[in-house]
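On a predicted model such as this, the values are computed, not experimentally measured, just so you know.
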Amino acid sequence: MSRVYNFSAGPAVLPEEVLVQAASEMLDYQGCGMSVMEMSHRSKPFAQIIETAEADLRELMQIPDNYQVLFLQGGATQQFAAIPMNLMQNKVADYIVSGSWSKKAFKEAKLYGDARCIVSSEDENFSYVPDVANLSFSPDADYVYICQNETIYGTRYPQLPDTGDIPLVTDVSSMFLSEPMNVSDFGLIYGGAQKNIGPAGVTIVIIRDDLVREEVLPFTPSIMRYTTQVAAKSLSNTPPAYGIYICGLVFKWLKEQGGLAAMAQRNEKKAALLYDFLDQSKLFSGTARKEDRSLMNVPFVTGSDELDALFVAEAKTRGLESLKGHRSVGGMRASIYNAMPLAGVEALVQFMDEFEKAHTK
Ligand SMILES: Cc1ncc(COP(=O)(O)O)c(C=O)c1O
């Protein structure tokens with residue numbers, strides 16, 4: 001067996017221990033004589049899998065009792081629609097646009113009501129997070145929306161907007177469980193699992209009770225109503241059962257690692273190694289503003305498209321995979337999620353150093 005260091009932005013690296021356990025349980029899950037993949041989602045063993053996953057997630061994030069946890073399908077993108085459909089009572093929402101994902105969410109919300117972009121960092125190609133200290137929000141806004149870690153541009157909010165009584169909604173797809181967060185700061189927290197938590201196909205929504213409302217936009221499909229999913233405990237229809245099982249294994253793994261505070265420390269160390277190298281490099285440079293740098297997604301460039309392409313190709317021969325930047329930005333991007341070991345970042349930095357020496361005079 002030979003495993004590479006996988007820097008993909010998502011689907012992405014998973015903890016090896018989790019993959020080994022899943023493999024060992026593939027044919028016979030704990031004496032059931034079948035795989036979790038073959039199991040009814042209404043069976044007792046699956047009930048235990050999803051209930052344990054929720055309990056472990058609640059423990060890891062210290063989710064208060066007045067929040068519901070949902071394991072859904074449809075990806076984060078489906079939530080771009082579900083959020084306005086469910087939360088727009090006045091049909092007004094304020095969006096902070098700090099990258100392609102919040103921009104997409106904003107565009108989608110405009111289909112359903114008066115979504116307003118109150119500030120954007122598109123003027124500088126989303127290389128920074130807009131200043132949120134002195135924003136004024138629409139008094140009748142149903143919610144304020146942010147994408148807390150923009151996967152493509154590698155930015156993360158250094159500080160959250162203070163929205164007062166207006167619920168704050170956050171897309172944490174690319175930073176889910178990478179550090180502790182105060183759930184009570186938010187009305188709704190959501191993200192796709194396929195970056196930091198599990199396989200593609202699972203979307204986790206954490207929503208405060210008062211936002212789970214019967215009064216939604218009239219055309220909201222039943223399956224996309226939070227009331228439906230809360231009432232059925234995510235089992236309104238067949239959930240992404242195998243994916244939820246893997247998420248559950250990852251939650252156990254995170255607890256064994258010491259929880260989210262321990263993960264944050266490890267993630268800070270990994271990110272610092274890479275950013276420190278970038279900051280002294282004569283060839284490579286990071287593209288995001290320093291204060292707003294993501295701990296999870298690190299975009300960088302050499303300044304030459306040819307050298308960028310050569311770097312990505314040579315890195316691959318060293319077992320350093322999926323370093324090509326997103327097609328809308330170019331250059332490189334190293335995604336260093338929870339499951340990326342420090343040794344992977346060390347190997348990357350060592351290769352960058354060698355590459356730099358070979359290509360600078
Ligand atoms: C921050 C963020 N939001 C949303 C999405 C879209 O997620 P999905 O592909 O699960 O719809 C991505 C994905 O790749 C993302 O990085």
Side-chain angles (χ1 to χ4, degrees), residues 1-16 99-100 121 124-129 149-156 158 174-175 178-179 195-196 262-361:
M1 182 187 76
S2 113
R3 301 253 310 154
V4 295
Y5 288 124
N6 175 10
F7 294 94
S8 169
V13 58
L14 285 169
E16 227 162 81
S100 337
S121 54
E124 290 185 30
N125 199 27
F126 295 127
S127 58
Y128 70 101
V129 175
N149 187 89
E150 281 282 357
T151 323
I152 294 175
Y153 299 92
T155 61
R156 156 179 170 268
S174 45
M175 61 177 285
S178 64
E179 58 183 271
K195 296 167 195 300
N196 223 1
M263 289 321 295
Q265 268 186 4
R266 280 164 58 166
N267 289 328
E268 275 159 21
K269 191 167 170 195
K270 286 186 291 176
L273 186 64
L274 192 43
Y275 285 125
D276 286 350
F277 178 81
L278 286 170
D279 288 344
Q280 59 74 53
S281 171
K282 293 187 181 60
L283 180 64
F284 297 101
S285 51
T287 54
R289 184 167 75 180
K290 274 191 189 173
E291 306 88 290
D292 304 334
R293 283 168 162 175
S294 166
L295 295 181
M296 297 282 100
N297 311 100
V298 183
F300 56 97
V301 293
T302 63
S304 147
D305 290 348
E306 290 77 43
L307 271 187
D308 286 352
L310 184 66
F311 176 84
V312 171
E314 284 190 7
K316 190 174 166 66
T317 68
R318 301 284 205 95
L320 305 169
E321 283 268 356
S322 302
L323 282 162
K324 197 169 183 300
H326 189 269
R327 59 189 182 281
S328 63
V329 191
M332 282 73 71
R333 173 178 48 173
S335 294
I336 50 177
Y337 296 120
N338 282 344
M340 171 60 65
L342 179 64
V345 182
E346 286 170 347
L348 172 61
V349 166
Q350 164 147 16
F351 174 62
M352 290 169 78
D353 191 38
E354 286 171 33
F355 189 87
E356 173 166 339
K357 288 192 171 111
H359 295 279
T360 44
K361 285 171 209 118

A.B. asks: Looking at E321 and V4, what are the two nearest heavy atoms and their distance?
C.D. replies: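 Nearest pair, atom of E321 first, then V4: CG-CG2, 3.5 Å.
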A.B. asks: Between D292 (side chain) and T155 (backbone), is there a donor-acceptor pair under 3.5 Å?
C.D. replies: no
A.B. asks: Taking the side chain as every heavy atom from C-beta outward, state whether M352 and L278 have any atom pair closer than 4.5 Å.
C.D. replies: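 A side-chain contact under 4.5 Å exists here.
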A.B. asks: For Q265, I'd like to know if atom CD has over 12 heavy atoms of other residues, nucleotides or ligands within 6.0 Å.
C.D. replies: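 Count not over threshold, so no.
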A.B. asks: Residues in salt bridge (Lys or Arg N to Asp or Glu O under 4.0 Å) with K357, at least two apart?
C.D. replies: D353
A.B. asks: Less than 4.5 Å apart, any side-chain heavy atom of F355 and any of L310?
C.D. replies: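 Sidechains of L310 and F355: in contact.
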A.B. asks: Which heavy-atom pair separates G344 from F7 by the least distance, and what is that distance?
C.D. replies: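 So the two residues come closest at O-CZ, 3.5 Å.
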A.B. asks: For residues 296-306, which side-chain donor-acceptor pairs fall under 3.5 Å, sequence neighbours excluded?
C.D. replies:
residue	atom	partner	partner atom	Å
N297	OD1	N149	ND2	2.7
N297	ND2	S335	OG	3.0
N297	ND2	Y337	OH	3.0
T302	OG1	S304	N	3.1
T302	OG1	S304	O	3.1
T302	OG1	D308	OD1	2.6
S304	OG	E306	N	3.3
S304	OG	L307	N	3.0

A.B. asks: Exactly one of E291, E179, E268 should register a salt bridge (charged side-chain N to carboxylate O under 4.0 Å, His left out) with R156. Which one does?
C.D. replies: E179
A.B. asks: About how many Å separate CG of N267 and OG of S178, when rounded to the nearest 0.5 Å?
C.D. replies: 5.5 Å
A.B. asks: Measuring only between side-chain heavy atoms, which start at C-beta, is L348 closer than 4.5 Å to I336?
C.D. replies: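 A side-chain contact is absent here, since even the closest heavy-atom pair is not under 4.5 Å.
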A.B. asks: Taking N6 for the side chain and S8 for the main chain, is one N or O donor matched with an acceptor at less than 3.5 Å?
C.D. replies: yes
A.B. asks: Does the E314 side chain pair with the main chain of F311, one donor and one acceptor, at a distance under 3.5 Å?
C.D. replies: no
A.B. asks: Please confirm whether the backbone N or O of Y128 pairs with a side-chain atom of S121, one donor and one acceptor, at under 3.5 Å?
C.D. replies: yes
A.B. asks: I need the S281 OG to L274 CG distance, nearest 0.5 Å.
C.D. replies: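 These two atoms lie 10.5 Å from each other.
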A.B. asks: Taking all heavy atoms of N196 and all of N338, pick out the closest pair and write down the distance.
C.D. replies: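 Shortest heavy-atom contact: OD1-N, 2.9 Å.
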A.B. asks: Examine distances only and state if a side-chain atom of R333 and a backbone atom of T151 form a donor-acceptor pair shorter than 3.5 Å.
C.D. replies: yes
A.B. asks: Please find the pair of heavy atoms, one from Y5 and one from P341, that lie closest to each other, and give the distance.
C.D. replies: CE2-CG, 3.8 Å
A.B. asks: Determine whether L273 and L342 make a side-chain contact, defined as any pair of heavy atoms from C-beta on separated by less than 4.5 Å.
C.D. replies: yes
A.B. asks: Are Q350 and R318 close enough that some pair of their side-chain heavy atoms sits under 4.5 Å apart?
C.D. replies: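 Not touching, per the 4.5 Å side-chain cut-off.
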A.B. asks: If we ignore hydrogens and angles and just use 3.5 Å, is the side chain of T360 paired with the main-chain N or O of E356 as donor and acceptor?
C.D. replies: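 Judged by distance alone, yes, a pair lies under 3.5 Å.
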A.B. asks: Give me the atom names and distance for the closest heavy-atom approach of K270 to M340.
C.D. replies: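 Closest pair (atom of K270, atom of M340, distance): NZ-O, 2.8 Å.
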A.B. asks: Determine whether M175 and L295 make a side-chain contact, defined as any pair of heavy atoms from C-beta on separated by less than 4.5 Å.
C.D. replies: no
A.B. asks: Might you point out which heavy atoms bring G154 and A288 nearest each other, and give the distance in Å?
C.D. replies: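 The answer is O-CB, 3.5 Å.
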A.B. asks: Check whether any side-chain heavy atom of R266 lies under 4.5 Å from a side-chain heavy atom of M263, and answer yes or no.
C.D. replies: yes
A.B. asks: Mind checking the CZ-OG1 spacing from R293 to T287? Nearest 0.5 Å is all I need.
C.D. replies: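 Rounded to the nearest 0.5 Å, the CZ-OG1 separation comes to 9.0 Å.
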A.B. asks: Find out whether Y153 and H326 are in side-chain contact, i.e. whether some heavy atom of one side chain is under 4.5 Å from a heavy atom of the other.
C.D. replies: no
